[in-house]
Amino acid sequence: MPLWIDTPAALQAHFEAKPARIGLDTEFIRERTYWPQLALVQIAIERDGEDEPTILLVDPLRPGMTQALAPILADTAILKLVHSPSEDLVAFKHACGVVPKPLFDTQQAAALAGIGGGLGYQKLVEQLTGVALPKGETRSDWMRRPLSPSQLEYAADDVRHLFAMHDALDGQLGQLGRRQWLAEDAARTVVNAENEAPERWPHLSMRSAQFLDRPAQQRLLRLLRWRDGYARDSDKPRSWILDNELAVAIARQAPTDRDALQRQIEAHPKAPRKLVDAIWAALSAPLADEDQAPDAGIAETRDKQRLRQLQDAVAGRSAALGLPDGVLASRRWLEALLDHGEWPDALSGWRRAALEPALAPLLAPPAGAG
C-alpha cells in the first residue's frame, strides 16, 4: 500500500538513509492557470530486502511540504527516475523553487535505445515488464481531498515500475554505448527548465503571422510578448488574456488610437475589455530588439529542396543508428539550421557529432556562390 505523507517530518524520516535513486512523478492541474499547479508528488524508494518499492504519496498542498521536498529534489547524489518530465519540472520549479536533478528519463532512454519514440508510460511499462496498467484516473480532480482509493492506486502505479524500467533501459544503453547521450539530453532538459522563459519570437509559431507584412509582424510580436508576461504574472492562461485570432487582427489593422482599438476589441466575442489600456500601451511601444526578429514569412521562401535533402540525410543516419524518426533531429530543428546557418542548441553534443558529417555538404553554399 502506498503511504500518504502530509508532514515534513514524515517525509524526512524516509530519507534519513539516503537512497541512490528514487522514482518520481507528479499530478498537476493546469486548466485555469499559466503555471501547472502541483497537486500530488509520487516518490518510490527502494528498501534492502524488499521486492516492492516503498511508495510515498506526498501532499504538496499541506504547509511546509514544498519546502521539505526542495532539498530532496536538488540533491545531486540521488538519481531521479522520471518519464517525460518536462511539465513536472515546471511544476516543481514553480512550487518548490528547484528543478530535480540529475534525471533518467525513461521515455528518452527508450528512444535512444531504439525501442520507440515518444512512448507513453503505460505502453513502455507493458513492453519492458509485461505489466498492463489500467488507464483509470487520467482526468481526475487531483486537488480534492481526500483522494479516492482508485486515485491513490493510479498515482502509485506511475512510479511503481520505474526501477525495473531503469534497470532494463540502462542496460541496453550501456550495450549500445549511449549512456552519455542520455546524460546530455537529461542535462539539457534540466537547464531548459531552470532557465524557462517566454519564447523570444512567439510570432514564428503562428501560421497566420506568415501572411502579415513586416510592420504588422512587429506589432504582433509586441502583443505576444506583453501577453506572455501578463499571463505569467497573473497566472492565467494566455488565451484568457488575448487569444491568437484577436492578436493577429489587431496587428494587421493597426488601430490609429486607443478609441479605435477599443472599438475593435469590443467587436470581438472574447474581447479582454478591461485590458484595453494595457494592450494599447504594448502595441504603441516598440521593442528594443524587434528589428532583429526573424521574418515569419521565411517558410514561404525557404529552399524546400534543401530541407528535403536534410531530412533524407537525417533519416539515413537514424536508420543506421537504429533510432526512431524524430529523435535525431526534428523538422523544426532542421528548419532553424537551414534558415539561420547555425546549429541550434537542440542539435548540439552527440546529435551534432552524429549528423555533421552528413549535413555539412548539404549546408555548404553552392559552388560559385558569392
Side-chain angles (χ1 to χ4, degrees), residues 34 188 191-192 194-234 236-239 241-265 268 271-272 275-307 310 329-348 352 359 362-366 369-370:
Y34 179 91
R188 187 180 299 110
V191 168
N192 289 343
E194 289 177 334
N195 300 303
E196 190 274 336
E199 190 177 353
R200 186 181 183 189
W201 310 123
H203 66 300
L204 296 181
S205 60
M206 296 177 60
R207 176 172 171 75
S208 51
Q210 299 175 13
F211 307 105
L212 300 178
D213 61 22
R214 183 70 177 174
Q217 286 188 35
Q218 291 180 336
R219 290 191 292 270
L220 179 60
L221 177 60
R222 297 172 197 172
L223 291 173
L224 297 181
R225 288 256 191 101
W226 166 80
R227 181 184 71 174
D228 279 357
Y230 194 97
R232 291 164 70 93
D233 292 343
S234 62
K236 301 295 183 187
R238 292 185 186 92
S239 61
I241 310 304
L242 181 66
D243 70 29
N244 288 346
E245 181 183 349
L246 181 55
V248 171
I250 293 171
R252 179 184 290 113
Q253 294 180 22
T256 55
D257 55 33
R258 183 201 174 282
D259 290 341
L261 173 64
Q262 183 161 4
R263 289 192 296 272
Q264 187 175 356
I265 285 179
H268 195 274
L275 298 176
V276 172
D277 289 332
I279 294 172
W280 176 248
L283 191 64
S284 306
L287 301 170
D289 62 347
E290 66 183 32
D291 289 338
Q292 304 169 30
D295 190 337
I298 195 170
E300 298 302 310
T301 60
R302 184 181 295 128
D303 188 334
K304 294 181 175 58
Q305 182 177 356
R306 292 185 75 196
L307 177 60
L310 293 179
S330 69
R331 179 188 175 108
R332 183 179 180 183
W333 298 345
L334 294 177
E335 288 173 347
L337 178 59
L338 185 59
D339 293 345
H340 309 301
E342 297 180 357
W343 288 76
D345 289 344
L347 289 178
S348 61
R352 181 167 181 173
L359 298 192
L362 301 175
L363 296 168

R200 CZ to L287 CG distance, which is reported to the nearest 0.5 Å: 10.5 Å
Please name the pair of heavy atoms, one in L334 and one in A329, separated by the smallest distance, quoted to 0.1 Å. CD2-CB, 4.1 Å
Does L347 offer a backbone N or O that forms a donor-acceptor pair with the side chain of R352 under 3.5 Å? no
Any donor-acceptor N or O pair under 3.5 Å, side chains S208, R252: no
Atom CG of D228 and atom CZ of R232: how far apart are they, to the nearest 0.5 Å? 7.5 Å
Count the heavy atoms of every other residue, nucleotide or ligand shown that sit under 6.0 Å from CD of E245, and state whether that count exceeds 12. no
When rounded to the nearest 0.5 Å, the distance separating CD1 of I241 from OH of Y34 is 11.0 Å
Just wondering, do R227 and L223 contact through their side chains at under 4.5 Å, heavy atoms? no
Return the CG to CZ distance between L363 and R306, rounded to the nearest 0.5 Å. 6.0 Å
Tell me yes or no: between the side chains of Q218 and R222, is some donor less than 3.5 Å from an acceptor? no
Taking every heavy atom of L246 against every heavy atom of A271, the minimum-distance pair comes out as CD2-CA, 4.4 Å
CD of E342 to CG of D339: how many Å apart, nearest 0.5 Å? 12.0 Å
By salt bridge (charged side-chain N to carboxylate O under 4.0 Å, His left out) - contacts of R263 (at least two apart): none
Verify the neighbour count for atom CG of D345: are there more than 12 heavy atoms of other residues, nucleotides or ligands below 6.0 Å? no
With distance as the sole test, does H203 use its side chain to make a donor-acceptor pair with the main-chain N or O of R219 at under 3.5 Å? no
Mind listing the closest non-hydrogen atom pair of A216 and L212 along with its distance? CB-CB, 3.8 Å
Do R207 and N244 pass the side chain to side chain donor-acceptor pair (under 3.5 Å) test, and can you show the C-alpha distance, the side-chain angles, and the key distance before you say yes or no? CA-CA 10 Å; R207 176 172 171 75; N244 288 346; over 6 Å; no
For D291, is there any backbone N or O sitting under 3.5 Å from a side-chain donor or acceptor partner on R214? yes
Which atom names give the shortest non-hydrogen contact between P255 and W280, and what distance separates them? O-CZ3, 3.6 Å
As a quick check of understanding, evaluate side-chain contact (heavy atoms from CB on, under 4.5 Å) for L337 and L359, giving each step before the final call. CA-CA 10 Å; L337 178 59; L359 298 192; 4.1 Å; yes
If you take all heavy atoms of L275 and W226, which pair is closest and at what distance? CD1-CH2, 4.0 Å
Is any side-chain heavy atom of E335 closer than 4.5 Å to a side-chain heavy atom of L310? no
Pairwise distance NZ(K304) to CG(L338) - rounded to 0.5 angstrom: 10.5 Å
Looking only at non-hydrogen atoms, find the nearest pair between Q217 and D295 and report the distance. NE2-OD1, 2.8 Å
Check the pair I250, H268 against side-chain contact (heavy atoms from CB on, under 4.5 Å), reporting the backbone distance first and the verdict last. CA-CA 11 Å; I250 293 171; H268 195 274; over 6 Å; no
